[in-house]
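Ligands are counted one by one from 1 in listed order, and the atoms in each one are counted from 1 as well. Position 1 is the first residue of the sequence; numbering continues from there.
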Amino acid sequence: MLLPINVKIVEVGPRDGLQNEKETIPAEIKIELVNRLTRAGFSNIEAASFVSPKWVPQMATSVQVMAGITRKPGVVYSALTPNMQGFEAALAAKAGEVVIFGSASEAFSQKNINCSIAESIERFRPVAEAAKRHGMRLRGSISCAFGCPYQGEVSPESVADAVRRMRELLCDEIDIADTIGVATPLQAQNVMERVAREFPITELSGHFHDTYGQALANIYASMEVGISIFHSSVAGLGGCPYAKGATGNVATEDVLYMMQGLGIETGVDLNAVVDAGQFIAQYLGRKAASRAGNAIAARRKG
Ligand code: HMG
Ligand code: MG
């Protein structure tokens, strides 16, 4: 199959990227990061997470972040909402899209959201209905679609089952997530081809963490089978607090560099993302985990 002409990049750095940071990052820094990403041209930025602050303390600033960002018309600012309490907060914060996040692995569902897969769907149901009632976009995220830190292997059939359940809740878009970054390209294609039998392929996305260094290869392989939405995190920030050892999402700068080389349109300005990546890495006091970002920054200095 031919590669896509356009790809949508969902920037998840302010949420997936920062949620795992130990030191509380002030809301102003997060706001500055989101504003920089907005100016870089993303059409969708995951900016907040309305989860229990006892479970993920870093996301407790989500109300201030959503209130403080400068919104650009047409840009969708998303927020994670595990239950109605989260939904009410997302509604009050004027999120454009809410994300219900489940799992293809029973073990991970218990660890991450403290309930079984079946129970999680019942919690999501009122959230999904409320999102539709309020005209908000609804996204479903499926963790551990390629492997689980607790149960090991996850079958493509259980991913397909999770996709069907998210489809029944009327999700507009569904993320197939490699939480612990273990997928390899052929596996990525197999799972994507399987789930595309359950949901329109144009509304499926690849959410690849880069723990084993396979994320770019997995994105390329997924494009070969027709996927055209990908998640990435500026400066390669991140990890999931309930998936020990899992590193960040694939770095946005690296994805954009590859897309540019392939002549694939993203609408995002790579140079502006490099700046945003260097900004947040400097704040955190460490080098950005983006090969392309650091190379471009070094070339500028040279
Ligand atoms: P629970 O303890 O079963 O929930 O947690 P509960 O309903 O019994 O409530 C317990 C307490 O939490 C109560 O407070 C609630 O008010 C509060 P208390 O009375 O003890 O003071 N609470 C909330 N507070 C704020 N906002 C809320 C909320 N809900 C309850 N929405 C729950 C269940 C789902 C809440 C919890 O397990 C949780 O917050 N989990 C979040 C885990 C998380 O955020 N993980 C990271 C994001 S997922 C991810 O990174 C994966 C992804 O990137 C894809 C991939 O890579 O795989 C998306
Ligand atoms: Mg993730």
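Aromatic ring pairs are classed by plane angle as parallel below 30°, tilted from 30° to 60° and perpendicular above 60°; the pair H207 and H231 is perpendicular.
How far CD of E88 is from CG of L91: 6.0 Å, rounded to the nearest 0.5 Å.
Geometrically, K111 engages Y150 in a cation-pi contact defined by less than 6.0 Å to the ring centre and at most 45° from the axis.
Minimum heavy-atom separation, I117 to S109: N-OG, 3.6 Å. Residue F42 comes nearest to I9 through the heavy atom pair CD2-O, 3.6 Å, listed as atom of the first residue, atom of the second, then distance.
Ligand 1 places these atoms under 4.0 Å from at least one heavy atom of N114: 1 (P), 2 (O), 3 (O). Contact atoms of ligand 1 toward L80: 47 (C) (distance under 4.0 Å to a heavy atom of the residue). Within ligand 1, counting atoms from 1 as listed, the ones closer than 4.0 Å to a heavy atom of G86 are 31 (N). For ligand 1, the atoms closer than 4.0 angstrom to any heavy atom of T179 are 55 (C), 56 (O), 57 (O). Near V56, with a cut-off below 4.0 Å to any heavy atom, the atoms of ligand 1 are 43 (C), 44 (O). Set against the non-hydrogen atoms of D16, the atoms of ligand 1 under 4.0 Å away are 50 (O), 53 (O). Those atoms of ligand 1 that come under 4.0 Å of a heavy atom in S143, given as number and element, are 51 (C), 54 (C), 55 (C), 57 (O). Ligand 1 places these atoms under 4.0 Å from at least one heavy atom of A177: 54 (C), 55 (C), 56 (O), 57 (O).
Within D16, the N/O/S atom positioned nearest the Mg ion (ligand 2) carries the name OD2. Closest approach between the Mg ion (ligand 2) and any N/O/S atom of H207 involves NE2. For the Mg ion (ligand 2), the nearest N, O or S atom contributed by H209 is named NE2.
Nearest to atom 23 (C) of ligand 1 by heavy-atom distance, out of M84, Q85, H209, is Q85. When F101, F50, F146, W55 are ranked by how near their heavy atoms come to atom 27 (C) of ligand 1, first place goes to F50.
The part of R123 lying near ligand 1 is the side chain, judged by heavy-atom distances below 4.0 Å. The side chain of K54, and not its backbone, has at least one atom closer than 4.0 Å to an atom of ligand 1 (non-hydrogen atoms only; side chain from C-beta on). Of all the heavy atoms of N83, the ones lying under 4.0 Å from any atom of ligand 1 belong exclusively to the side chain. In R15, the part holding a heavy atom less than 4.0 Å from any atom of ligand 1 is the side chain.
Defined by atom type and a distance below 3.5 Å, a donor-acceptor pair is present between the side-chain atoms of D175 and S205. Looking only at atom types and distance, the side chain of T61 has a donor-acceptor partner in the side chain of K30 under 3.5 Å away.
Using a 4.5 Å cut-off on side-chain heavy atoms (C-beta onward), R36 and F279 make contact. T184 places none of its side-chain heavy atoms less than 4.5 Å from the side chain of Q189.
Of the charged side-chain nitrogens involved, none lies within less than 4.0 Å of a carboxylate oxygen, so that R139 and D172 do not count as a salt-bridged pair.
F146 has its ring centre less than 6.0 Å from the ring centre of F208.
The shortest separation from a heavy atom of H231 to ligand 1 is not under 4.0 Å, leaving the residue out of contact. Proximity of P53 to ligand 1 is established by a heavy-atom distance of less than 4.0 Å.
Put simply, the side chain of E253 never gets that close to the backbone of A251: no donor and acceptor are under 3.5 Å apart.
Counting heavy-atom neighbours within 6.0 Å of E153 CD, excluding the residue itself, gives a total of 12 or less.
Taking distance alone, with nitrogen or oxygen atoms compared against 3.5 Å, D178 stays at or beyond that limit from ligand 1.
Here H231 does not reach the Mg ion (ligand 2): none of its N/O/S atoms is less than 2.8 Å from the metal.
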